[in-house]
Amino acid sequence: DRVDKCCTCLSRFVLIYSKGRTCKLCLVTLHLLHNFFLHTLEVLIAGRSGRFVAGLKHQNHPQNHMVRLLQARCVAAAATLLLLAHAAAAEQYIETFSKVPWQEFPGGRFKASTNATLTASTIAGALFQLKPGGLRELHWHDVAEWAVVIAGACMASATDESKLHASDTWNFTAGDLWYFPPNVPHSIVGLAPSGCTFLTGYNAPDFNEARSFSVSSWLTTVPVATLAQALGISTAAAQRILDSNAGGKPSFLPQGNLRQMLAQAPSLPVQFPKLIHRYPLMQNTHEVDMADGSYINMADVTRFPVATELCGAIVRIAPGGMRQLHWHLNIDEWQYIINGTLEVGVFTGPGQSASGILQAGDLGFAPHGSGHYLRNIGQQMAYAVLIFNDGLFTDVEIGNFLGTVPPAYVAASLNISDDDARGIDYSLAGFAPAQPPPS
């Protein structure tokens, strides 16, 4: 009976977990339950076995069959708990963002990721697809925004508080970056022929772009006479603005007339003003370039001076290749897979790690100080966007670390021979190429 009650309680907990109603406390409870469950069942089985088995002469006695059945049932339940605990740990660092449904609007669609779904993350993000003429409406937010164009083209404008220029407006194509500091007002419009797909990152884990401050939602809260006075328009014109945006719901992604937008757009800058909000990443010199085609294309504050609170990179990993084992001193890493199939691993402490498979459109996260890697297990070049929550990029790679101390230190730390320690290739920086098949 006691075993049955334990299994019933376990089943209920598993049922609650499977419905997704978990939090960090639940994850801790899951690990504690696993250890307690194993220990308790060992005691119960031992006690019941003592009463059943003592004095029995035949191994096939029915009571011995019951003991074995109980043992099998308990081991299976404990194994289920262990698998769930590992899955729960992985879910903190991996999100199948590719399966998150889109939110549709007249001018395009978007979907967001926060720490409500990627629970360990300190960075939030969103994926946008704008139609030609689709507008990410005039808005601002109290967090910094770093973005990369993945496909198509768009035109983005930002207002400079220094008033050195009224508007910083640029055309962006695949591989271009923008950065908007907190509360700098900006807008983005998709260009012909195919619109634009872009990925954004924010330095606040719970930020959702849908909660941005927007012109449409703000002005509807202003009394009609005040609005007319502020905009220098008639009361009737002000009332039409209020009527068109009744309820205060932001337009978010309205559909505009692209021809009119381009005809009325400010002239694009012909010279780089100071601290512009655009950076042409694809014209960059790669931070790391490998013979197999793998590379890291990085833009931090040393190259993109306006981006003081976020930086990022595009990495390309050859089939079988791996972004080298590494960690970051004081920045967290948020990963978005553009294409390919990648194995990801995150080490967060002794006996604590998470691993999984990321497909195109999925997300991963590695907190600062955690050892991590990305390995291409597919047959094609894999591309990923990495976003970091500081303007300056720093990292420590396993080869850099182990290679700075005598091999004897490595041998003692890894409990291997001195010869094995000397056999390690400490020069593998940036990436580790695919291993040749065993002969």
Side-chain angles (χ1 to χ4, degrees), residues 100-117 123-131 133-147 154-169 178-190 196 198 200-258 260-261 264-266 277 309-310:
V100 173
W102 292 92
Q103 297 182 48
E104 303 285 345
F105 297 87
R109 58 184 186 170
F110 110 112
K111 54 183 175 178
S113 172
T114 69
N115 59 357
T117 50
I123 298 170
L127 186 64
F128 287 83
Q129 289 185 350
L130 293 181
K131 301 174 184 178
L135 177 70
R136 176 65 189 99
E137 73 156 314
L138 306 169
H139 70 286
W140 67 100
H141 34 70
D142 198 28
V143 298
E145 175 180 322
W146 184 98
C154 63
M155 182 169 65
S157 298
T159 300
D160 189 340
E161 66 171 337
S162 70
K163 296 181 177 60
L164 293 174
H165 43 282
S167 183
D168 186 3
T169 299
W178 68 68
Y179 177 85
F180 300 131
N183 295 315
V184 167
H186 54 281
S187 60
I188 304 105
V189 60
C196 187
F198 59 91
T200 57
Y202 313 94
N203 60 343
D206 59 348
F207 177 74
N208 188 319
E209 178 84 12
R211 300 204 315 267
S212 299
F213 303 115
S214 71
V215 170
S216 63
S217 59
W218 179 29
L219 296 189
T220 56
T221 67
V222 178
V224 63
T226 305
L227 181 59
Q229 180 180 349
L231 300 183
I233 58 178
S234 68
T235 303
Q239 188 61 55
R240 286 195 294 272
I241 293 176
L242 297 180
D243 292 342
S244 298
N245 297 277
K249 186 177 180 180
S251 300
F252 200 72
L253 297 178
Q255 180 64 47
N257 185 310
L258 182 58
Q260 291 181 0
M261 288 177 166
Q264 300 168 12
H277 299 92
E309 297 185 52
L310 290 163

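Sequence positions, counted from 1, serve as the residue numbers for this chain. Small disclaimer: the values here were computed from a predicted structure and weren't measured.
The two residues Ser187 and Leu135 have their closest heavy-atom pair at CB-CD1, 4.3 Å. In terms of heavy atoms, Ala144 sits closest to Pro182 at N-CG, 3.7 Å. Between Gln255 and Gly134, the shortest heavy-atom contact is NE2-N, 3.7 Å. Shown here for Pro205 and Ala124, the closest heavy-atom pair between the two residues is O-CB, 3.7 Å.
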How far apart are the C-alpha atoms of His277 and His186, what are their side-chain angles, what is the distance that settles it, and do they pass the side-chain contact (heavy atoms from CB on, under 4.5 Å) test?
-> CA-CA 10 Å; His277 299 92; His186 54 281; over 6 Å; no

Take Asn245 and Leu219, measure what side-chain contact (heavy atoms from CB on, under 4.5 Å) needs, and give me the verdict at the end.
-> CA-CA 9 Å; Asn245 297 277; Leu219 296 189; over 6 Å; no

Take Phe128 and Ile188 through the test side-chain contact (heavy atoms from CB on, under 4.5 Å) and record every step on the way to the result.
-> CA-CA 11 Å; Phe128 287 83; Ile188 304 105; over 6 Å; no

Dump the intermediate steps for side-chain contact (heavy atoms from CB on, under 4.5 Å) on Leu253 and Leu130, then the final yes or no.
-> CA-CA 8 Å; Leu253 297 178; Leu130 293 181; 3.6 Å; yes

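Note that CZ of Phe252 is 10.5 Å distant from OG of Ser216, once rounded to the nearest 0.5 Å. The structure places CG of Leu258 at 13.5 Å from NZ of Lys131, a figure rounded to the nearest 0.5 Å. Here the straight-line distance linking atom OG1 of Thr220 with atom CD1 of Ile241 works out to 10.5 Å at 0.5 Å rounding. Distance check: Ser113 OG to Tyr202 OH gives 11.0 Å after rounding to the nearest 0.5 Å. Taking CG of Asp142 as the reference point, atom CG of Asn203 lies at 9.5 Å (rounded to 0.5 Å). From Thr200, atom OG1 reaches atom CG of Leu127 across 8.0 Å, with rounding to the nearest 0.5 Å.
Judged as a side-chain contact (heavy atoms from CB on, under 4.5 Å), and not counting sequence neighbours, the contacts of Cys196 are Val149, Cys154, Phe198. For Thr114, there are no side chain to side chain donor-acceptor pair (under 3.5 Å) partners, not counting sequence neighbours. By the side-chain contact (heavy atoms from CB on, under 4.5 Å) test, Ser244 pairs with no residue at all, sequence neighbours left out. Every side-chain contact (heavy atoms from CB on, under 4.5 Å) that Ala204 has, sequence neighbours left out, goes to Val143, Asp206, Phe207.
Pro250 is listed as a side-chain neighbour of Glu137, based on a closest heavy-atom distance under 4.5 Å.
If you check the side chains of Trp146 and Glu309, you find no donor sitting under 3.5 Å from an acceptor.
Under the salt bridge (Lys or Arg N to Asp or Glu O under 4.0 Å) criterion, the residue pairs touching residues 208-226 are Arg136-Glu209, with sequence neighbours excluded. For the salt bridge (Lys or Arg N to Asp or Glu O under 4.0 Å) condition, the pairs that include at least one residue of residues 104-117, sequence neighbours left out, are Glu104-Arg109.
Between Trp140 and Trp218, the angle of the ring planes goes over 60°, which puts this pair in the perpendicular group of the 30/60° scheme.
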